[in-house]
Every structure is written in C-alpha cells, then in structure tokens.
Amino acid sequence: MALRFFNTYSRELEEFHPLDPEGKIVKMYTCGPTVYSRAHIGNFRAYVFEDLLQRHLEARGFAVHRVMNLTDVDDKTIRGSRAGNLPLQEFTAPFKEAFYQDLETLQIEMAGAFPAATEERYIAAMIAMISTLIERELAYQADDKSVYYRINRFPKYGQLAHFDLAELRPTGRVKSDEYDKEHVGDFALWKAWAEEDGDVGWKSPWGRGRPGWHIECSAMAMSLLGEQLDIHCGGVDNIFPHHEAEIAQSEGCSGKAPFVRYWLHCAHLLVEGQKMSKSLGNFHTLPDLLAKGYSGREVRYSLLRVHYRAPLNFTWDGLEEARQSLARLDEWLRRLWEAARAGNLQAHQAKTIADDGFAAALDDDLNISAALGHLFEQIRESNRELDTGIDSARALSWLEWWGRINSVLALEATETKPNEQIVRMAEERARARGTRDWKKSDELRDALNALGWDVRDTKDGQLVTPRVRA
RNA sequence: GGCGGGGUAGCCAAGUGGUAAGGUCGGGGUCUGCAAAACCUCUAUUCGCGGGUUCGAUUCCCGCCCCCGCCUCCA
C-alpha cells in the first residue's frame with residue numbers, strides 16, 4: 001500500500017509524495033513548546049507522534065529535515081521572567097534545557113534545528129516578512145502602533161480550519177478590547193511595546209515591540225526549510241488560529257502556494273478521562289512520572305500506542321499495561337539473544353525475515369495499533385519457535401527483524417547491569433539453593449525483588465533481570 | 001450556533017458488505033521445591049440508539065444520543 005496521511009487541509013487521506021524532485025528529502029516543521037514552564041505529557045503526546053512520523057519516514061528511506069521551534073517570548077514568558085525578577089533569557093534557559101532532557105528520556109529524535117524566536121536572525125527575518133506584508137497591503141499598522149494582518153485581503157483565510165469567518169464567536173479567551181483593528185479577526189504580527197513588557201523589546205520600523213506568536217513560525221520555517229514545506233504538524237488546537245495565520249503570512253510573502261503540502265494534527269490527551277489541569281491535580285510532567293517509578297520508555301509506549309487522530313486517555317492502568325507489554329517484549333528479546341549466542345555467530349548467515357507487516361500498517365496514516373498488533377503476533381510466533389528450539393541463525397534473523405521495527409518504535413531497553421550488591425545477593429541465593437535451603441532462597445529472592453530485580457530459576461540456574469528499565 | 005475527532009469485551013484498541021486483530025486483566029493447563037517467565041487454552045451471538053438499503057451491516061444511507069476539542073496567541 002502506498003504511504004498516505006490524513007491531511008487536515010483537505011480532510012482526506014492523501015498519498016504522500018514530497019516536493020523534492022528525487023522524492024527523497026522531506027521538509028518537516030513541528031511546532032515546539034513555549035518555554036515558560038516544564039512541558040507536560042499532553043505536549044509530549046504531540047512530540048511522540050511527530051517522532052513516530054519522522055522515524056517511519058526514515059524507515060521508508062526518506063531523509064527528513066525537521067525543524068522544531070522554541071517559543072521564548074510571549075505573554076507567559078514575559079510574565080514569568082518579571083515575576084522571577086530575571087532577564088527573559090535567564091528565565092527561559094532552564095526550561096529549554098529541561099525540554100531537551102525530556103526529549104532524550106522519551107527517545108524522541110533531535111530535530112535538525114531548534115530555532116528560538118528571540119535569536120537575532122529570526123527577529124530580522126520576521127521584520128522583513130512584516131515589511132513585505134505591509135508593502136503588499138496585507139498588513140497595516142494600527143493606531144495602537146501594533147501591526148496586524150489584514151485577513152480580508154487573504155481569501156484563503158479560514159480554509160485550513162474550515163471556518164466561515166462571519167460565523168466566528170468570541171470565546172472571551174483573548175482580550176477583545178482591540179478596537180484599533182480593522183477586523184476583529186486581524187491578528188498581531190508585531191506587538192507594540194507596553195508597560196508590562198518591561199525591558200523586553202526590539203527595534204523595528206514600527207517602533208519598539210516584539211513579534212506576534214504566529215509570525216515566528218513562518219519566519220523560522222521559511223528561513224530554515226524554504227518557502228514550501230512538505231509536512232507541518234501540531235496539536236489540533238493549533239489548527240486555528242496559529243496554522244491558519246502561518247499560511248496567510250507565508251503565502252502572503254512568498255506568493256507560493258501551498259506553504260505546506262500536508263498538515264497533520266494530533267488529538268488531545270486526557271488524564272483519567274478529564275482535561276489536564278493544575279486544579280484537578282492531574283497535570284503531569286515527565287519528572288513527575290519518573291518520580292513515581294515509571295520509565296521513559298513506559299511513558300513513551302503509553303503515549304505512542306493510540307492512533308494520533310484519536311483522543312488518548314492517559315491513565316495509571318494504561319501505564320501499567322505499557323509496563324507489562326514492555327516486560328514481555330524484553331523477555332522475548334532476552335530469549336532471542338540467548339538463542340543467538342548459543343551458536344557460532346560468525347558461522348551462520350542470518351536470513352532476513354521478509355515480513356513487512358509492521359511498516360505496512362504504519363503506511364496507512366500511521367496505524368500504530370495495527371502495527372503493534374502485528375508485532376505481538378510475531379512475538380508469539382517466534383516464542384513458539386523458541387519453545388521448540390531454534391538455531392542461532394534463526395534467532396539472529398528475528399533480532400534483525402526487530403531492529404528494523406525498533407528503529408521506528410525506539411522501545412528497546414538499554415542494558416542494565418546488576419551492581420556488586422545484587423551480584424553478591426544472587427551468589428548467596430545460588431549457594432542456598434545448592435543446599436536446598438528454600439527459606440533463605442525465597443528471602444533473598446524477595447529482597448532482590450524489592451530492589452527492582454526479577455529472579456527466576458531455569459534449568460541452567462537462576463536468572464536475575466532488572467524489572468523496570470529506563 | 002459553526003467546524004472537527006471519538007463511542008467495538010473489565011480496561012486499552014484494530015478492522016471488514018459475509019459474520020469480530022492485538023495488548024492488558026482474569027480463569028484453566030504445561031513447566032517449577034514454590035514462584036516467575038514463556039507457551040497452550042477460555043473470556044464480545046456482538047460493535048452508542050432507532051430506522052432504511054441488502055440474501056446478509058458493526059461496516060453503506062437517514063435521524064438521534066453521549067464524550068472530547070476548536071471558534072483569534074493551548075500540543
């Protein structure tokens with residue numbers, strides 16, 4: 001089956017072909033976090049989805065050029081820096097650092113670039129874009145000194161979200177006392193400096209101020225990837241107004257359409273059936289979950305296992321299920337390695353297992369559930385083979401097959417070695433077993449369990465494995 | 001009010017005009033000093049509700065209900 005994705009713009013599944021004439025390079029832009037607090041797992045649902053997309057494209061032979069922006073200037077970052085009595089950069093720096101750490105914990109591939117809105121070259125790019133938009137009468141400076149996009153001059157405005165502008169209803173979420181605008185829907189490209197901005201501001205042809213949120217993505221995407229992109233992702237809440245505005249700005253400047261060929265948006269995450277919020281106490285960050293004893297890959301699996309366009313209900317039961325599923329995967333790999341090492345690895349030529357069911361499922365708009373279903377069917381199949389005994393070449397073939405899948409899933413445990421204390425306890429238990437001292441043997445097993453190690457007895461002696469692996 | 005996404009077993013979740021993948025949990029079995037793991041096996045006469053089309057619908061059509069989101073700076 002051909003690779004296809006659901007494009008928000010057309011609301012249809014479309015076959016994927018990148019703009020690159022050789023069909024190899026994929027230009028992908030992903031909206032990143034606003035660095036005013038630690039990102040929460042809802043944010044990471046989107047980033048894990050984007051990671052799955054990138055890894056699958058790479059598995060299919062594409063070279064993905066991905067950019068993820070960091071929004072480091074907006075109302076919230078300014079408010080935070082003033083509350084903390086810190087310069088803006090010093091306020092946002094730790095959150096940027098924490099974000100990179102979280103990406104690593106979740107095994108999310110690093111983007112090729114993480115541009116930040118306050119970098120001089122992007123401020124300059126934004127100012128240049130706004131100037132062009134004003135020249136083309138797509139933007140104007142209002143009496144309040146801010147510069148706004150004139151949405152009535154861009155007929156396509158509203159097409160991504162499929163909104164009829166005449167029927168929009170104010171939600172009161174944003175202050176609507178902006179009487180200076182020609183149309184209530186006009187959005188800010190450049191925000192004139194205000195008292196509460198403190199020392200945050202840049203010089204511009206329109207006076208001191210700061211960029212609007214939407215223009216930064218247009219400027220950074222076009223600076224780093226060119227005037228037209230293949231894929232642009234984000235959460236569904238970004239469809240309107242953010243991505244709609246990006247189209248208006250980018251196409252308004254370049255004159256080239258479409259700015260983005262495939263728009264992919266992921267649904268929201270709920271926690272125990274409810275919207276995440278600080279007042280409900282269900283607002284989780286990655287460090288919160290790690291502190292509760294869950295590993296990065298358990299969280300990754302939990303966020304990954306539901307199709308990106310379906311709402312994901314994040315629950316403790318779900319995390320527990322992820323843990324069990326991964327434990328089964330770990331045990332399967334351990335058995336395969338054991339079988340593989342039993343033979344002469346050099347002497348055998350592992351035969352490639354041609355099965356492509358996993359990737360084929362992902363070709364269909366990243367159908368991860370079908371893909372995982374296929375993986376577990378194959379795990380059962382190969383476990384049966386292991387039960388009846390397989391040669392090392394066959395075991396290696398399965399490992400090679402898994403390697404292809406893991407390049408996309410990134411769920412394999414990193415090896416954990418028992419420390420000295422664990423080794424000593426295990427040796428003591430082995431001696432106790434030698435004298436059939438079951439009581440002592442069981443006590444030591446309980447103690448090892450308590451320290452996070454599983455102990456089991458096999459024909460070839462006991463086996464000690466870490467229970468929860470990062 | 002407009003526009004989306006979703007409603008399939010205890011829970012999570014694929015899927016198809018021809019009779020329901022997979023994960024997890026639970027029961028039984030093989031194995032084990034006991035356990036654990038793995039494997040085998042059982043667990044939806046049924047796919048939100050009501051109509052219609054059809055030899056046959058969970059899948060197509062019509063109407064309705066419920067959950068979640070967006071409607072101008074939330075992934």
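The model shown is predicted, which means the values in this text are computed figures rather than measured ones. Chain letters run A, B, ... following the sequence lines, proteins first, then strands; residues in each count from 1.
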* Asked: Just checking Val455(A): base, sugar-phosphate only, or nothing, at a heavy-atom cut-off of under 4.0 Å?
  -> base
* Asked: Do Val306(A) and Asn313(A) come close enough that some side-chain heavy atom pair is under 4.5 Å?
  -> no
* Between rG69(B) atom P and Ile239(A) atom CD1, what is the distance in whole Å? -> 15 Å
* To do: Please work out if Gly212(A) contacts a base, only the sugar-phosphate, or nothing of the nucleic acid, heavy-atom cut-off 4.0 Å.
  => nothing
* Given rG23(B), rA37(B), rC39(B), the nucleotide with the shortest approach to the side chain of Arg456(A) -> rA37(B)
* Asked: When the distance from CG of Leu319(A) to P of rC25(B) is rounded to whole Å, what number comes out?
  -> 14 Å
* Test: Asp356(A) and Arg404(A) ion pair at under 4.0 Å -> no
Pairs: protein N or O with nucleotides 31-33 of chain B N or O, under 3.5 Å:
from: rG33(B); atom 1: O6; to: Arg433(A); atom 2: NH1; distance (Å): 2.6
from: rG33(B); atom 1: N1; to: Asp442(A); atom 2: OD1; distance (Å): 3.1
from: rG33(B); atom 1: N2; to: Asp442(A); atom 2: OD2; distance (Å): 2.9

* **Nearest-Å distance for atom pair CD/C1', residues Glu298(A) and rC12(B)** => 16 Å
* To do: Provide, to the nearest angstrom, the distance between the CG atom belonging to Asp446(A) and the P atom belonging to rA36(B).
  => 12 Å
* For nucleotides rU46(B) and rC39(B), find the distance between their P atoms and express it as a whole number of Å. => 31 Å
* Closest to the Phe163(A) side chain, choosing from rC3(B), rA75(B), rU72(B) -> rC3(B)
* **Centroid-centroid under 6.0 Å between Tyr29(A) and Phe259(A) rings** => no
* To do: Look at the side chain of Glu331(A) and decide which nucleotide, out of rA37(B), rG15(B), rA75(B), has an atom nearest to it.
  => rA37(B)
* Can a side chain N or O of Asn313(A) be found less than 4.0 Å away from OP1 or OP2 on rC11(B)? -> no
* To do: Using only side-chain N and O atoms of Gln324(A), determine if any of them is under 4.0 Å from OP1 or OP2 of rG23(B).
  => no
* To do: May I ask you to decide if the ring planes of His214(A) and His242(A) are parallel, tilted or perpendicular, using 30° and 60° as cut-offs?
  => tilted
* Between rG51(B) and rG56(B) - P atom distance, rounded Å -> 16 Å
* Asked: rC40(B) and rC31(B): how far apart are their C1' atoms, nearest whole angstrom?
  -> 12 Å
* **rC60(B) and rU16(B), which share atom name C1', separated by this distance in whole Å** => 12 Å
* Asked: If you look at every heavy atom in Arg66(A) and Glu109(A), which pair is closest and at what distance?
  -> NH2-O, 2.6 Å
* Taking 4.0 angstrom as the limit, do Asp457(A) and Arg433(A) come out as a salt bridge? -> yes
* Asked: How far does the P atom of rA36(B) sit from the matching atom of rG28(B), given to the nearest Å?
  -> 12 Å
* CH2 of Trp263(A) versus C1' of rA75(B): gap in Å, rounded? -> 14 Å
* Value in whole Å for how far the C1' atom of rA14(B) lies from OH of Tyr308(A) -> 16 Å
* **Pairwise distance CG(Leu303(A)) to CD(Glu298(A)) - rounded to 0.5 angstrom** => 12.0 Å
* Mind calculating the distance between CH2 (Trp332(A)) and P (rG23(B)) to the nearest angstrom? => 13 Å
* Asked: 5'-most contact on RNA chain B: His162(A) or Leu329(A), nearest heavy atom basis?
  -> His162(A)
* Base-paired stems in RNA chain B, each at least three Watson-Crick or G-U pairs under 3.5 Å -> B:1-7 with B:65-71, B:10-12 with B:22-24, B:26-30 with B:38-42, B:48-52 with B:60-64
Output one line per pair: protein atom, nucleotide atom from nucleotides 18-22 of chain B, and distance, for all N/O pairs under 3.5 Å.
from: rA21(B); atom 1: O2'; to: Glu377(A); atom 2: OE2; distance (Å): 2.4
from: rA21(B); atom 1: N1; to: Ser369(A); atom 2: O; distance (Å): 3.3

* Asked: Between Tyr100(A) and Phe114(A), does the ring centre distance come in under 6.0 Å?
  -> yes
* Asked: Taking for each residue the nucleotide of RNA chain B bearing the nearest heavy atom, is the 5' side occupied by Asp74(A) or by Gly318(A)?
  -> Gly318(A)
* To do: Determine, stepwise, if the pair Arg210(A) / Asp75(A) fulfils salt bridge (Lys or Arg N to Asp or Glu O under 4.0 Å).
  => CA-CA 10 Å; Arg210(A) 59 182 166 103; Asp75(A) 290 352; 2.7 Å; yes
* Look at Arg384(A) and rC40(B) and indicate whether a side-chain polar atom (N or O) is within less than 4.0 Å of OP1 or OP2. => yes
* To do: Among rU72(B), rG4(B), rG15(B), find the nucleotide with the atom closest to the side chain of Phe240(A).
  => rU72(B)
* Ring centres of Phe358(A) and His374(A) under 6.0 Å apart? -> no
* Determine the Euclidean distance between corresponding C1' atoms of rC71(B) and rC25(B); express it in Å to zero decimal places. => 41 Å
* Asked: Base, sugar-phosphate alone, or nothing: which one does Leu463(A) contact when heavy atoms must sit under 4.0 Å apart?
  -> nothing
* How long is the gap from CG on Asp72(A) to OG1 on Thr34(A), to the nearest 0.5 Å? -> 9.5 Å
* Asked: What's the spacing between Leu290(A) CG and Thr105(A) OG1 if we round to 0.5 Å?
  -> 6.0 Å
* To do: Establish, yes or no, whether the cationic atom of Arg45(A) lies under 6.0 Å from the six-membered ring centre of Phe314(A) and within 45° of the ring axis.
  => no
* Structure fact -> To the nearest angstrom, the CG-C1' distance between Leu366(A) and rA14(B) comes to 15 Å
* Asked: Are more than 12 heavy atoms from other residues, nucleotides or ligands located less than 6.0 Å from atom CZ of Arg436(A)?
  -> no
* Expressed as a whole number of Å, how far does the C1' atom of rC64(B) sit from that of rG23(B)? -> 34 Å
* Asked: So, is Asn383(A) close to the rA38(B) phosphate, meaning a side-chain N or O under 4.0 Å from OP1 or OP2?
  -> no
* Inter-nucleotide C1' distance (rG29(B), rG10(B)), Å rounded -> 23 Å
